[in-house]
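Values below: all heavy atoms of this structure, side chains included; hydrogens, waters and symmetry mates excluded. Each ligand, and each atom within it, is numbered from 1 in the order the structure gives.
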Amino acid sequence: MVTNTSNQADTGREEYSFSAIEQRWAGYWEKNKVFQPADDGQRPRKYVLDMFPYPSGDLHMGHAEAFAMGDVVSRYWMLRGYDVLHPIGWDSFGLPAENAAIARDAHPAEWTYKNIATQRASFERYAISVDWDTVLHTSDPEYYRWTQWLFLKFYERGLTYRKNSPVNWCPKDQTVLANEQVVDGACERCGTEVTKKALEQWYFKITDYADRLLEDMDALEGKWPDRVLNMQRNWIGKSTGASVTFAIEDGPAIEVYTTRPDTLYGATFMVVAADAELAEELVTHEHAAALKAYREELRHVSDIDRQSTDRPKTGVFLGRYGINPLSGERVPIWASDYVLSDYGTGAIMAVPAHDQRDMDFARAMGLPVRTVVDTGEDNPEETGQATTGTGANINSGELDGLTGQAAIDNAIALLEAKGTGYKSVNYRLRDWLLSRQRFWGAPIPIIHCDTCGEVPVPDDQLPVELPKNLHGQQLAPKGKSPLEAAEDWVNVSCPTCNGPAQRDTDTMDTFVDSSWYYMRFVSANNAEKIWDRDKLDRWGPVDQYVGGVEHAILHLLYSRFFTKALYDMDMVNFTEPFTRLLNQGQVLNGGKAMSKSLGNGVALGEQLDAFGVDAIRLTMVFASPPEDDVDWADVSPAASLRFLARAWRLAQDVHFADSAPGTDASGAATALRQITHKVVHEAESLLDDQKFNVVVARTMELVNATRKEVDKGEGAASPAVREAVEVIAQLLSLVAPYTAEDMWALLGHEPSVSRSAWLTVDESLLVEDKITVIAQVQGKLRDRFEVPADISDEDLEEVARNSPNVQRSIGDKDIRKVIVVKGKLVNFVVG
Ligand code: ANZ
Ligand code: ZN
């Protein structure tokens, strides 16, 4: 490389050509393992990770943005002297591969690994700073062997279990979905409306960790985006209140969950979830037919509509009564769809005066409303508007006169004394449904034996590889797992009793694969162990994680759960996987997300061909703060390209300059050095604060200042210019690796610029030589200016007098007095 570049000395100057430069450096970093961590304990470590890609085709603009951001962090840390782990892999199981295989009558592996090869080549061209020796794919048996092993570790601890329950079912993809994968009642992947189906399914007991998942977020405050933390908190949805037992006439008591036990005297009826078993248990003989009809009706109402507050409330009376434990009042029990079967106990005490849903129901059914909290608003009994504020209790017996928390605490104390209630906590979070009835995933490593029941596959028989003889049409969804068709594979002998047994035919949700990959990267090639514990202790957790906000809930929550469970098993020494999180924005076009239907897509490959890798990367980073969206219609990769050419020509100028010592002692050279050191100094904090776009702006300023200096004749030979151009090359290496590497070589250095030493800022050059002063008239601010720090009082007064704003404000009044506060302000007293 170096030889090649210095040959230019013989042939003369060149024009900046991104394609020539890309060719010069293509493959250099990978071949020379520039981005391989030394792991020699000589330097402090940093672990940077981009959310690993799904091999859905070639890379797109979104990848280009995300990886440009991750690269700024990893390349910067490397320049700061850290030993950096920055790995890459592929999240390569999942439905699209399977659907493509069915459509083309091929094997999902074919499509998957072909796309991986394409993406990998594009990543190499894009010059991301990763270690290519530790690549992993979650669909490799060497990887999913450990996914299965973890499943069994969780199983041993009772964190994996199987149960029969109504689950979300996508009729199009013919698979179950986790609650998290149902968006507005529709399948997250294909948009088909989700239905319910009773199935035997596998779950992870993430609810055991609800409290820790919530509490440990305090430590992420300020390090993760607020909105992600909020989304996680809402998803976990902790609420505190009371469990209250209502006796039932001629039946067993039922418990309800309420956040407002203080409103108990206003509970004028009860409602149970219409689709819950409880409704069937409670309904009297004469009302059974009505309940049955109502349930039948509900089958045609989507989940979204059920929850909608606009929709009129519906329901049926169950013919039975409960007894309010505080007032002793007899209250009718209804069934309705607005009460959810899988939240709380699936039954509520309805307080129409203070809960709008209950009010709407009471109005629709003609049920009584009783105000029990005087909030000062209009009486809900008359308005039909539930009042939810605080105020003193009324109509509430022993609770009368109490307010807010005191009323709640007293209500709970009363319930506890009577043995009919207690303080309790509720979570929205549900256990994680992890089994899928699809082919392209890690098989569940369980064998079902008629004699022994569920038998874990012994460690030495892992991985349970996917059957090889299934492909194409055989994978078509049929409401049960396609693996069932592979009889040779399914039928095995029981590891415990040797009797005939069957393999579990479900596969795991791909979120299981991605819940632990960041740990595997520390020893991706280890064939004996899931990871080398010492290495994980050294490198983990991830210092900086970079990825899209679409993973704000599921992936991050699951990864956090895995980390905590593994911590409890003494397999890792940290409890949070990602210390810092950066959510890069989206790349839009014309204000909208790029999409086929809008026809506003921009092909990354075409952009790279037209402007070069560096200009595209620079454009991505320069366009906006990393967390903001970039609108491709508003940016100019052509301008980025011109800037890169300007920067590169500086290196060429230095390369061809007379090696005679320059006029470094001159004031101008010192001024350039001041700018250089200031830019480096600022870049340090800007990069720590993830203001990458501002760093690019500063680099542009430095290029301009350096160009001015060079154009003063002998300028390019000055050590100050060389210093500036070296800094430019280093800063550019964060976003424009090819150009930066070429500049570094032109400056006569050994590659790679990524391994060069960061400039130590000379504090004496940072002295601020300009100050801002203000001009006042009668004490009112009229103007402000930048002046030399050592300006005399007379000169300062002169500058202020000449300000048009000041003159306008003085008008034809006389100046009585001029007050000059050295280095700060000038005040004109007039009259
Ligand atoms: C009486 C009451 C009076 C309530 C009042 C609220 C206001 P969060 O905060 O989300 O946890 N609820 C309980 N279980 C339910 C279910 N399965 N389906 C629908 N609603 C349910 O909500 C808890 C409140 O939501 C509970 O407190 C209960 O209504 C209702 F002035 O009880 B409340
Ligand atoms: Zn057995």
H354 heavy atoms within 4.0 Å reach ligand 1 at atoms 5 (C), 7 (C), 31 (F)
| request: Check the angle between the aromatic planes of W149 and W146 and answer parallel, tilted or perpendicular using the 30° and 60° thresholds. | output: perpendicular
Between F204 and the options F511, Y161, F562, Y209, the ring pair (Phe, Tyr, Trp, His ring centres under 6.0 Å) test singles out F562
Q. Counting distance only, does the side-chain N/O of Q437 pair as donor-acceptor with the main-chain N or O of V176 below 3.5 Å?
A. yes
Between C452 atom SG and C497 atom SG, the angle centred on the Zn ion (ligand 2) rounds (to 10°) to 110°
Short version for T258: what comes under 4.0 Å of ligand 1, heavy atoms counted, is both
query = Do the rings of F361 and Y338 sit parallel, tilted or perpendicular, given the 30° and 60° boundaries?
reply = tilted
Nearest non-hydrogen contact to atom 28 (C) of ligand 1 from the set Y257, Y343, Y427 belongs to Y257
Quiz item: Has N426 got any heavy atom lying under 4.0 angstrom from an atom of ligand 1?
Solution: no
In this structure, atom 23 (C) of ligand 1 is nearest to the protein heavy atom T259 CG2, 3.7 Å
The atoms of ligand 1 lying under 4.0 Å from a heavy atom of V351, numbered in the order shown, are 1 (C), 3 (C)
### Query
Hey, is S239 one of the residues with a heavy atom under 4.0 angstrom from ligand 1?
yes
| query | How are the rings of F93 and Y144 set relative to one another: parallel (under 30°), tilted (30 to 60°) or perpendicular (over 60°)? | reply | tilted
Hey, are K529 and D459 close enough for a salt bridge, meaning a charged N less than 4.0 Å from a carboxylate O? no
So the atoms of ligand 1 within less than 4.0 Å of a heavy atom of R428 turn out to be 8 (P), 10 (O)
Checking heavy atoms under 4.0 Å, the part of V339 that sits near ligand 1 is both
- prompt: What's the verdict on ring-ring contact (aromatic ring centres under 6.0 Å, His included) for Y558 and W432, showing C-alpha distance, side-chain angles and the deciding distance?
  reply: CA-CA 9 Å; Y558 293 157; W432 169 10; 3.5 Å; yes
The closest protein heavy-atom partner of atom 6 (C) of ligand 1 is D355 OD2, 3.3 Å
For Y338, the atoms of ligand 1 under 4.0 Å from one of its heavy atoms are 19 (C)
query = Would you call V373 and T387 a side-chain contact if the rule is heavy atoms closer than 4.5 Å?
reply = no
for atom 15 (C) of ligand 1, nearest protein heavy atom and its distance come out as I348 CG2, 3.4 Å
The atoms of ligand 1 lying under 4.0 Å from a heavy atom of R357, numbered in the order shown, are 20 (N), 25 (O), 30 (C)
How about F154 and F561: are their ring centroids closer than 6.0 Å? yes
Looking only at protein heavy atoms, what sits closest to atom 5 (C) of ligand 1 is R260 CG, 3.5 Å
Of L340, L264, V373, the residue with the heavy atom nearest atom 18 (N) of ligand 1 is L340
Original post:
Between R438 and T507, is there a donor-acceptor pair closer than 3.5 Å when you use the side chain of the first and the backbone of the second?
Top reply: no
